[in-house]
Amino acid sequence: MKILIAGAGRLGTRIAQVLSAARNDVTLVERDDERLAELDDMPRVRVLAGDASEPGFLAGAGTRTADVLIAATGRDEDNLVISLLAKHRFGVARVAARVNDAENTWLFDGRWGVDVAVPAATPLVSLIEEATGATDTVALLRLSNAGVEVIETAITEASSAAGRTLGEIALPTGTVVATVVRDGQPTVPGPEVRLRPGDELLLVSHEATEQEIHAAFQ
C-alpha cells in the first residue's frame with residue numbers, strides 16, 4: 001500500500017514508523033526544517049521537505065498514485081486543505097485527517113475530501129485501522145533484529161474472545177499480552193480480565209504469526 005503522511009510531528013512520525021514496518025510504501029512530508037532535523041533515522045520511510053498544502057508539491061510527492069493520504073499536521077486548516085487537494089485534485093481513494101480542535105469536527109467531511117475524521121485523542125492503532133481500512137489485527141512493529149513482533153488485535157462483537165477471560169484463551173507459543181486498552185486507558189492485564197467488544201490488545205511474540213494471533217481472538 002502506498003501511503004503519504006503530511007506532518008512529521010510525534011503522531012505523523014509514529015504512524016510512518018508503524019506502517020513502514022508493516023512493509024507499506026510510506027512517504028512522510030514536513031515543511032519545518034528544524035523538525036526534519038530532529039527526526040530519528042527511519043530507513044524505510046521516504047522523508048520529503050515541503051508544504052503538503054501546495055498542489056505542485058503534492059504532485060511531485062506522488063500523490064496521484066497514493067492509496068491513502070493521512071493529514072496529521074497540528075493545524076486543522078492545513079489538514080483540511082491537504083485533504084481537499086488529495087481527494088478532489090489527485091483522486092486519492094482514502095483520506096484521513098486529524099482534528100486538533102474538537103470544535104472544528106463538523107468541517108471534516110466529504111465536502112473537504114475527508115473520508116475519516118480522527119480526533120487527536122484517538123489511539124494510534126485505531127487511527128491506522130480507520131485510515132488504511134485495515135481490520136482486526138495490525139502488525140505494529142517488527143523488531144527483526146530481536147526476532148520479536150508487537151501486534152495488536154481488536155475485540156469486536158463477533159470475536160470469539162468477547163466475554164472470555166484472558167486465562168481462558170490459549171495463546172500461541174512465545175506470546176504474551178502486554179496491555180489491554182479499554183476506553184482509551186491501557187491496563188496491565190491479568191488472567192482474570194474479561195474481554196469486551198471495543199478492547200484493544202497489544203501482544204508481544206517471538207514465534208506466532210499475525211494469523212495465529214488472529215485465530216486465537218477472532
Side-chain angles (χ1 to χ4, degrees), residues 1-20 24-40 42 45-135 138 140 152 154 181 183-186 198 200:
M1 185 178 291
K2 185 173 181 179
I3 300 168
L4 193 149
I5 302 167
R10 181 181 297 178
L11 177 65
T13 301
R14 187 70 182 108
I15 294 171
Q17 290 172 329
V18 170
L19 290 175
S20 64
N24 293 288
D25 179 354
V26 179
T27 297
L28 179 62
V29 174
E30 175 57 53
R31 66 183 180 185
D32 188 313
D33 291 337
E34 290 185 5
R35 175 55 189 156
L36 286 169
E38 295 172 353
L39 293 179
D40 294 330
M42 293 188 291
V45 178
R46 178 187 180 212
V47 179
L48 297 179
D51 188 348
S53 63
E54 292 291 336
F57 177 81
L58 281 179
T63 307
R64 292 189 190 280
T65 57
D67 300 298
V68 177
L69 182 140
I70 301 174
T73 80
R75 293 167 57 89
D76 285 344
E77 53 268 43
D78 288 345
N79 290 340
L80 287 170
V81 170
I82 293 166
S83 297
L84 183 68
L85 289 170
K87 177 65 69 175
H88 297 299
R89 182 154 184 169
F90 296 101
V92 177
R94 194 163 182 83
V95 177
R98 179 185 185 183
V99 183
N100 297 282
D101 185 341
E103 293 185 0
N104 294 330
T105 301
W106 66 276
L107 288 166
F108 286 73
D109 59 20
R111 294 170 299 175
W112 282 92
V114 178
D115 296 306
V116 180
V118 186
T122 299
L124 175 67
V125 174
S126 295
L127 186 155
I128 293 172
E129 288 183 343
E130 290 186 40
T132 62
T135 57
V138 176
L140 289 181
E152 203 216 16
V181 180
D183 298 327
Q185 299 297 318
E200 297 177 73

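This structure is a prediction, so every number in the text was calculated from the model and none was measured.
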Legend entry - N/O donor-acceptor pair under 3.5 Å between Ser83 side chain and Val114 backbone: no
Inset, instruction - Can you measure from CG (Asp51) to CD (Glu30) and round to the nearest 0.5 angstrom? - result: 9.5 Å
Inset, instruction - Locate the shortest heavy-atom distance separating Ala61 from Arg46; write the atom from each residue and the value. - result: O-NH1, 3.2 Å
Legend entry - Result of checking Leu28, Ile5, Val47 against Thr13 for side-chain contact (heavy atoms from CB on, under 4.5 Å): Leu28
Legend entry - Smallest separation among heavy atoms of Pro55 and Leu85, with atom names: CG-CD2, 3.9 Å
Inset, instruction - Decide, yes or no, whether a salt bridge links Arg75 with Asp78 under the criterion of side-chain N to carboxylate O below 4.0 Å. - result: yes
Inset, instruction - With the side chain counted from C-beta on, respond yes when Leu107 and Leu80 share a heavy-atom pair under 4.5 Å apart, and no when they do not. - result: yes
Legend entry - Asp115 side chain near Lys87 side chain, heavy-atom distance below 4.5 Å: yes
Inset, instruction - Give me the one residue out of Val92, Val26, Leu48, Val29 that meets side-chain contact (heavy atoms from CB on, under 4.5 Å) with Leu4. - result: Val29
Inset, instruction - Might you point out which heavy atoms bring Ala49 and Phe57 nearest each other, and give the distance in Å? - result: O-CE1, 3.4 Å
Legend entry - Nearest-0.5 Å distance that lies between atom CD1 in Ile70 and atom CG in Leu11: 8.5 Å
Inset, instruction - Supply the atom-to-atom distance Leu69 CG to Arg94 CZ, rounded to the nearest 0.5 angstrom. - result: 12.5 Å
Inset, instruction - Measure the NZ-OG1 distance between Lys2 and Thr27 for me, rounded to the nearest 0.5 Å. - result: 6.5 Å
Inset, instruction - Give a yes or no on whether the backbone of Asp101 and the side-chain of Asp76 come within a donor-acceptor separation of less than 3.5 Å. - result: yes
Legend entry - Asn100 CG to Phe108 CZ distance, which is reported to the nearest 0.5 Å: 7.0 Å
Legend entry - Point-to-point distance, once rounded to the nearest 0.5 Å, from CG of Asn24 to CD1 of Ile15: 12.0 Å
Legend entry - Backbone of Arg111 reached by a side-chain donor or acceptor of Asp109 within 3.5 Å: yes
Legend entry - Side-chain heavy-atom pair Asn79, Trp112 within 4.5 angstrom cut-off: no
